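The block underneath contains the structure these notes are about, expressed in structure tokens.
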Amino acid sequence: MARLDEKVAVITGGASGMGKVASERFVAEGARVVVVDFDEAGGRAVADALGDRATFVRADVSNEADCQAMVAHAMSTFGALHVLYNNAGVFPNDDGGVLETPESTWDRVMEINLKGVWLGCRAGIPAMVESGGGSIVNVASFVALMGAATAQIAYTSSKGGVLAMTREIAVEWGRRGIRANSLCPGPVDTPLLAELMSDPARKARRLVHIPMGRLAQAHEIVNAALFLASDEASYITGSQLVVDGGITAAYVTPE
Ligand SMILES: NC(=O)c1ccc[n+]([C@@H]2O[C@H](COP(=O)([O-])OP(=O)(O)OC[C@H]3O[C@@H](n4cnc5c(N)ncnc54)[C@H](O)[C@@H]3O)[C@@H](O)[C@H]2O)c1
């Protein structure tokens, strides 16, 4: 039996990176998937390649009407919602130290990375309750757990907010069949990090802190999301699953 048989999942940010890999994997595990992204061409291509077990909705997760529409689309197309994987996020280049980061960048990052997760939950929870319960997977980051001299103040703050929000949702909704957990990936080889990692010095500055000495591949993070989404995690809620190659366990790393 596949691990997501009978489940309907909404995956935001499904056009690229981990969201794309997750859309493909969740369908392979028996789910029916609503691929959500504001990249219409990219998102549609992912859904089309998956046949009639996937559908695409264009939505900007920072817009409440769009989030309501993506959930309504899941309910009207597949008749239920069991898994809400709030994965869409941005990581702008000019998000840096507390003194340099433009206010407009702070606002944009908060709108998408933090408010977008809230709006997804706000739209999705009533549909999940109506569907008999379900699992919310909110994507945070290891940077929500430790400070970095290579600062990205808005991104880090937004991901810290995701951890706190997810705990609260887990507690508030636990008796109504909703589980909510955060995923804290380490650095992953996806388009989000491509520009940063194309600079050898900036790449080396980060790799030195990873005990495993390499970036994660998208499927290694998606495996953890799949577990949290599935009934195998039926007693796990309010937790944060760290998948970081050992970064948060390290004081010094091997030479
Ligand atoms: N790549 C990493 O190293 C890393 C590490 C930790 C956490 N994360 C988090 O994982 C998640 C996925 O990242 P990724 O690396 O796969 O990124 P990615 O850039 O490859 O994909 C992100 C997707 O989200 C979409 N998106 C962005 N803003 C949106 C919006 N407002 N509405 C709808 N869709 C939107 C983009 O179009 C894109 O398709 C993000 O939340 C990111 O912060 C990434």
Side-chain angles (χ1 to χ4, degrees), residues 10-25 34-47 56-70 73 84-93 95 105 107-120 123 137-146 148 150 152 154-163 165-166 182-198 202-203 206-207 209-210 214-222 224-225 240-245 247-248:
V10 163
I11 302 178
T12 69
S16 172
M18 288 180 264
K20 176 174 187 284
V21 172
S23 298
E24 293 161 357
R25 182 70 194 278
V34 179
V35 179
V36 177
D37 210 290
F38 65 7
D39 169 2
E40 174 130 27
R44 200 171 288 287
V46 170
F56 170 72
V57 186
R58 191 210 165 272
D60 177 344
V61 297
S62 67
N63 179 288
E64 174 147 39
D66 281 11
C67 289
Q68 296 290 343
M70 84 187 176
H73 184 88
L84 175 60
Y85 186 176
N86 287 307
N87 162 80
V90 290
F91 183 83
N93 265 328
D95 181 9
T105 298
D107 289 344
R108 176 165 169 257
V109 170
M110 288 296 163
E111 286 269 309
I112 296 175
N113 291 10
L114 185 55
K115 183 178 162 190
V117 172
W118 171 56
L119 290 177
V137 181
N138 289 335
V139 179
S141 169
F142 76 103
V143 300
L145 301 171
M146 59 198 309
T150 50
Q152 33 185 181
Y155 184 86
T156 298
S157 304
S158 71
K159 296 302 190 180
V162 169
L163 294 186
M165 182 188 354
T166 306
S182 302
L183 192 56
C184 294
V188 190
D189 186 10
T190 70
L192 187 103
L193 276 199
E195 184 160 339
L196 193 162
M197 291 295 174
S198 66
R202 292 170 84 197
K203 183 173 183 180
R206 285 156 179 83
L207 282 182
H209 294 286
I210 308 176
R214 65 171 178 85
L215 302 183
Q217 295 301 309
H219 74 269
E220 296 178 298
I221 307 301
V222 168
Q240 46 203 43
L241 183 49
V242 179
V243 187
D244 70 349
I247 296 172
T248 52

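As the structure is a computational prediction, the values presented were derived from the model and not from experiment. Order of listing sets the numbers, starting from 1, for every ligand and every atom in it.
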Quick check on contacts: which atoms of ligand 1 are under 4.0 angstrom from a heavy atom of [X]?
X      : result
Pro187 : 3 (O)
Tyr155 : 6 (C), 7 (C), 8 (N), 9 (C), 42 (C), 43 (O), 44 (C)
Pro185 : 6 (C), 7 (C)
Asp60  : 30 (C), 31 (N), 32 (N)
Gly186 : 3 (O), 5 (C), 6 (C)
Ser141 : 6 (C), 7 (C)
Val139 : 9 (C), 10 (O), 11 (C), 41 (O)

May I ask you to identify the nearest protein heavy atom to [atom], giving residue, atom name and distance to one decimal place in Å?
atom                    : result
atom 37 (O) of ligand 1 : Asp37 OD1, 2.6 Å
atom 24 (O) of ligand 1 : Gly13 CA, 3.4 Å
atom 32 (N) of ligand 1 : Val61 N, 3.0 Å
atom 26 (N) of ligand 1 : Phe38 CE1, 3.6 Å
atom 15 (O) of ligand 1 : Thr190 OG1, 2.4 Å
atom 11 (C) of ligand 1 : Asn87 O, 3.0 Å
atom 13 (O) of ligand 1 : Met18 CE, 3.8 Å
atom 17 (O) of ligand 1 : Leu192 CB, 3.3 Å

query = Would you call Glu220 and Arg214 a salt bridge, using N to O less than 4.0 angstrom?
reply = yes
Per-residue contact class, [X] against ligand 1 - non-hydrogen pairs under 4.0 Å:
X      : result
Phe142 : neither
Ala140 : backbone
Leu193 : side chain
Lys159 : side chain
Ile112 : side chain

remark   = Between Val143 and Gln152, the two heavy atoms sitting closest are CG1-OE1, 3.5 Å
inquiry  = Minimum heavy-atom separation for Ala218 and Thr190, please, with both atom names.
reply    = CB-CG2, 4.5 Å
task = Side-chain contact test, heavy atoms from C-beta onward, threshold under 4.5 Å: evaluate it for Asp66 versus Arg58 and give yes or no.
result = yes
request  = Please tell me if the side chains of Gln240 and Leu145 come closer than 4.5 Å, counting only heavy atoms from C-beta onward.
outcome  = yes
Is the side chain of [X] donor-acceptor paired with the backbone N or O of [Y] at a distance under 3.5 Å, no angle test?
X      : Y      : value
Arg206 : Arg202 : yes
Asp37  : Gly43  : no
Asp244 : Pro185 : no

request  = Select the closest option to atom 18 (P) of ligand 1 among Ser16, Ala22, Gly14, Ala59, judged by heavy-atom distance.
outcome  = Ser16
ask   = Evaluating non-hydrogen atoms only, which member of Gly17, Gly89, Gly42 is closest to atom 22 (C) of ligand 1?
value = Gly89
message = I'd like to know whether CD of Gln217 has more than 12 heavy-atom contacts from other residues, nucleotides or ligands below 6.0 angstrom.
response = yes
inquiry  = Checking His209 now: which residues fulfil side chain to side chain donor-acceptor pair (under 3.5 Å) with it, not counting sequence neighbours?
reply    = none
query = Got a sec, which residues hit side chain to side chain donor-acceptor pair (under 3.5 Å) with Arg25, two or more places apart in sequence or on another chain?
reply = Glu29, Asn223
Sole residue of Thr12, Val61, Asn86 in side-chain contact (heavy atoms from CB on, under 4.5 Å) with Val117 = Asn86
ask   = How far does CE of Met18 sit from OH of Tyr85, to the nearest 0.5 angstrom?
value = 6.5 Å
request  = Check whether any heavy atom of Pro191 sits under 4.0 Å from an atom of ligand 1.
outcome  = yes
message = Just to check, does Val90 reach to within less than 4.0 Å of ligand 1 when the distance is taken from its heavy atoms?
response = yes
request  = Ignoring hydrogens and angles, state whether a donor on the side chain of Asn138 or Ser182 is under 3.5 Å from an acceptor on the partner side chain.
outcome  = no
